[in-house]
Amino acid sequence: MEQVPVAKFLRTHPLLKQRTGINSASGSKVDFFRYKRCIRALLSDSYAKKVSKSKGTLPEIKDDSQAQAIFIQLIKAGMILPVDKLSTQQARAENLKPVKGTPFVKVTQKAVLQGDKYFIWNFQPTNPLLALYSVLGVIAVFAVILFPLWPAFMRKGVWYLSTGLLGLIGLFFLLAIVRLIIFCITVLILPNALWIFPNLFEDVGFFESFQPLYGFSVPKEKSKKKSKSKGNGIKTNGDKISEKTASETKSESTSTEGNSGSKRNETVAKKVPRATIEEVYDE
């Protein structure tokens, strides 16, 4: 299968400028990219050098049509899936919670081969160290089984290590109980309740869980007031910006429609290559 070497070459290629997104169906993180960047990577000098060293495992690509044919083969193999990038409003309309810096993408049944269309990877190359990890796992299992035969100093070290880990786990639970008690006390005294380590149970890294040291909870009434103010027709800065951008895009679209209408009688525009998954499979 010539698709696998091509997919391995493209999977981490810098020209794709891949971003991390969230699959709206499964909730898992995926890497997505634009179609035009994949074509650039296939027509790049680095791919040509890779072909010369591959001894026939990579197909030679000379123009856009050949690169497009390889891309369609990747779609056929299920290694690449077409997606639509959802805006914040679209994500909320589908009952999805927007995450800052990580947009939602939705898998579609139509793959349009245009420059700005998005695709995600459904392919992960095998880890070359997987066999080594398997051997190390078997060795670790035998080492645990033969624990009674270990020297006395090694068994003593394991005992100290396990005791220390249990102490850390107990300290973590104690911290969680203390922060809950402080929150319950401050929620009755202060207008905004105090949280110690507010990111302790958030989906962040280990060190980020202990940053910042404290934080205050925002009362729900303020968020309700904000939603009411938006419903009453009060315009915020974000609304003004969105209206401005909407008007700008509308004016740009009308200008482009006018330009295209004037040029239509002079020259015939180039057709953008299109393909759908249904058409690809029916071939």
A.B. asks: Run the salt bridge (Lys or Arg N to Asp or Glu O under 4.0 Å) check on Asp84 and Lys117 step by step: do they pass?
C.D. replies: CA-CA 8 Å; Asp84 288 333; Lys117 294 298 180 180; 5.5 Å; no

A.B. asks: List the atom of Ala193, the atom of Phe183, and the distance in Å for their closest heavy-atom pair.
C.D. replies: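 For Ala193 versus Phe183, the nearest heavy atoms are CB-CE1, 3.2 Å.
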
A.B. asks: With a 4.5 Å limit on heavy-atom distance, are the side chains of Leu16 and His13 in contact?
C.D. replies: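 When only atoms from C-beta onward are counted, His13 and Leu16 do touch, with a gap below 4.5 Å.
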
A.B. asks: Main chain of Glu202, side chain of Asn199: is a donor-acceptor contact present, judged purely on distance under 3.5 Å?
C.D. replies: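 Checking the backbone N and O of Glu202 against the side chain of Asn199, no donor-acceptor pair under 3.5 Å is found.
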
A.B. asks: Which pairs count as ring-ring contact (aromatic ring centres under 6.0 Å, His included) when at least one residue sits in residues 50-89, sequence neighbours excluded?
C.D. replies: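 As it turns out, the ring-ring contact (aromatic ring centres under 6.0 Å, His included) pairs with a partner in residues 50-89, which skip direct neighbours, are Tyr35-Phe71, Phe71-Phe119.
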
A.B. asks: Report the distance from atom OG of Ser44 to atom CG of Leu10, rounding to the nearest 0.5 Å.
C.D. replies: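 Answer rounded to 0.5 Å: 8.5 Å.
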
A.B. asks: Is Gln89 atom CD crowded by more than 12 heavy atoms from other residues, nucleotides or ligands, each under 6.0 Å away?
C.D. replies: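 Count not over threshold, so no.
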
A.B. asks: Between Leu194 and Ile182, is there a side-chain heavy-atom distance shorter than 4.5 Å?
C.D. replies: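 Yes, side chains in contact.
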
A.B. asks: Taking the side chain as everything from C-beta on, heavy atoms only, tell me whether Ile61 gets closer than 4.5 Å to Tyr47.
C.D. replies: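 A side-chain contact exists here, since the closest heavy-atom pair is under 4.5 Å.
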
A.B. asks: Assess whether a salt bridge exists between Asp116 and Lys36, defined as any Lys/Arg side-chain N lying under 4.0 Å from an Asp/Glu carboxylate O.
C.D. replies: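 Answer for the salt bridge query: yes.
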
A.B. asks: Distance from Gln18 atom CD to Thr12 atom OG1, nearest 0.5 Å?
C.D. replies: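 Answer for the CD-OG1 pair, Gln18 versus Thr12, is 7.5 Å.
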
A.B. asks: If I compare all heavy atoms of Val105 with all of Ile120, which pair ends up nearest, and what's the gap?
C.D. replies: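 Result for this residue pair: CG2-CG2, 4.2 Å.
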
A.B. asks: If every non-hydrogen atom of Arg11 is compared with every non-hydrogen atom of Gln124, which pair is closest and at what distance?
C.D. replies: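 Nearest heavy atoms, Arg11 then Gln124: NH2-NE2, 2.9 Å.
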
A.B. asks: Between Gln90 (side chain) and Ser87 (backbone), is there a donor-acceptor pair under 3.5 Å?
C.D. replies: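 Judged by distance alone, yes, a pair lies under 3.5 Å.
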
A.B. asks: Report the distance from atom OG of Ser54 to atom NZ of Lys49, rounding to the nearest 0.5 Å.
C.D. replies: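 That separation rounds to 14.5 Å.
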
A.B. asks: Could you go step by step and tell me if Thr20 and Asp31 meet the side-chain contact (heavy atoms from CB on, under 4.5 Å) rule?
C.D. replies: CA-CA 5 Å; Thr20 301; Asp31 295 328; 3.7 Å; yes

A.B. asks: Any chain of hydrophobic side-chain contacts (each under 4.5 Å) joining Val144 to Phe142?
C.D. replies: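 No; tracing contacts between hydrophobic side chains, which count when under 4.5 Å, never links both residues.
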
A.B. asks: Can you give me the closest heavy-atom contact between Leu74 and Gln3, atom names plus distance?
C.D. replies: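 Between these two residues, the closest heavy atoms are CD2-O, 3.6 Å.
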
A.B. asks: Closest heavy-atom contact between Gly78 and Asn122?
C.D. replies: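 Shortest heavy-atom separation between Gly78 and Asn122 comes out as O-ND2, 3.0 Å.
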
A.B. asks: What's the verdict on side-chain contact (heavy atoms from CB on, under 4.5 Å) for Val6 and Leu42, showing C-alpha distance, side-chain angles and the deciding distance?
C.D. replies: CA-CA 9 Å; Val6 175; Leu42 290 174; 3.9 Å; yes

A.B. asks: If I take atom CG from residue Leu180 and atom CD1 from residue Ile196, how far apart are they, to the nearest 0.5 angstrom?
C.D. replies: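 Between atom CG of Leu180 and atom CD1 of Ile196 there are 12.0 Å.
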
A.B. asks: Counting only heavy atoms not in Phe201, do more than 12 fall under 6.0 Å of its CZ?
C.D. replies: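 Result for CZ/Phe201: enclosed.
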
A.B. asks: Under 4.5 Å between side-chain heavy atoms, counting indirect links through other Ile/Leu/Val/Met/Phe/Trp/Tyr residues: same cluster for Leu15 and Ile80 or not?
C.D. replies: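 Result: no, two separate clusters.
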
A.B. asks: Minimum heavy-atom separation for Trp150 and Ala143, please, with both atom names.
C.D. replies: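 So the two residues come closest at NE1-O, 3.1 Å.
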
A.B. asks: Got Val141 and Val138 here, is their nearest side-chain heavy-atom distance under 4.5 Å?
C.D. replies: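 Side-chain contact under 4.5 Å: no.
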
A.B. asks: To the nearest 0.5 Å, how far apart are SG in Cys38 and CD1 in Ile70?
C.D. replies: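 The CD1 atom of Ile70 is 10.0 Å from SG of Cys38, to the nearest 0.5 Å.
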
A.B. asks: Are Tyr118 and Phe33 an aromatic pair, judged by ring center distance below 6.0 Å?
C.D. replies: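 No; Tyr118 has its ring centre 6.0 Å or more from that of Phe33.
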
A.B. asks: If you count every heavy atom of other residues, nucleotides or ligands that lies below 6.0 Å from Tyr160 atom OH, does the total exceed 12?
C.D. replies: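 Not buried by this count: 12 neighbours or fewer within 6.0 Å.
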
A.B. asks: Who passes side-chain contact (heavy atoms from CB on, under 4.5 Å) against Thr88, sequence neighbours left out?
C.D. replies: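 Only Arg92, Pro98 meet the side-chain contact (heavy atoms from CB on, under 4.5 Å) criterion with Thr88.
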
A.B. asks: Start with the C-alpha distance between Val83 and Thr108, add both sets of side-chain angles, then the distance that settles side-chain contact (heavy atoms from CB on, under 4.5 Å), and finish with yes or no.
C.D. replies: CA-CA 5 Å; Val83 293; Thr108 62; 5.8 Å; no

A.B. asks: Describe, in one word, how the ring planes of Tyr214 and Phe216 are oriented to each other, choosing from parallel (under 30°), tilted (30 to 60°) and perpendicular (over 60°).
C.D. replies: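 Aromatic pair Tyr214/Phe216 classed perpendicular.
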
A.B. asks: Apart from Ile139 itself, what residues make up its hydrophobic cluster, given side-chain heavy atom links below 4.5 Å?
C.D. replies: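 Noted: Ile139 shares its cluster with Val135.
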
A.B. asks: Does any non-hydrogen side-chain atom of Phe104 lie less than 4.5 Å from one of Lys85?
C.D. replies: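 A side-chain contact under 4.5 Å is absent here.
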
A.B. asks: Are any of the side-chain heavy atoms of Pro103 and Phe32 separated by less than 4.5 Å?
C.D. replies: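 With C-beta onward as the side chain, the pair touches.
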
A.B. asks: Nearest 0.5 Å, please: how far is NZ in Lys62 from CD in Glu60?
C.D. replies: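 Reported to 0.5 Å precision, the distance equals 4.5 Å.
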
A.B. asks: Kindly say whether Asp64 contributes a backbone atom to a donor-acceptor pair with the side chain of Gln68 at under 3.5 angstrom?
C.D. replies: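 No.
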
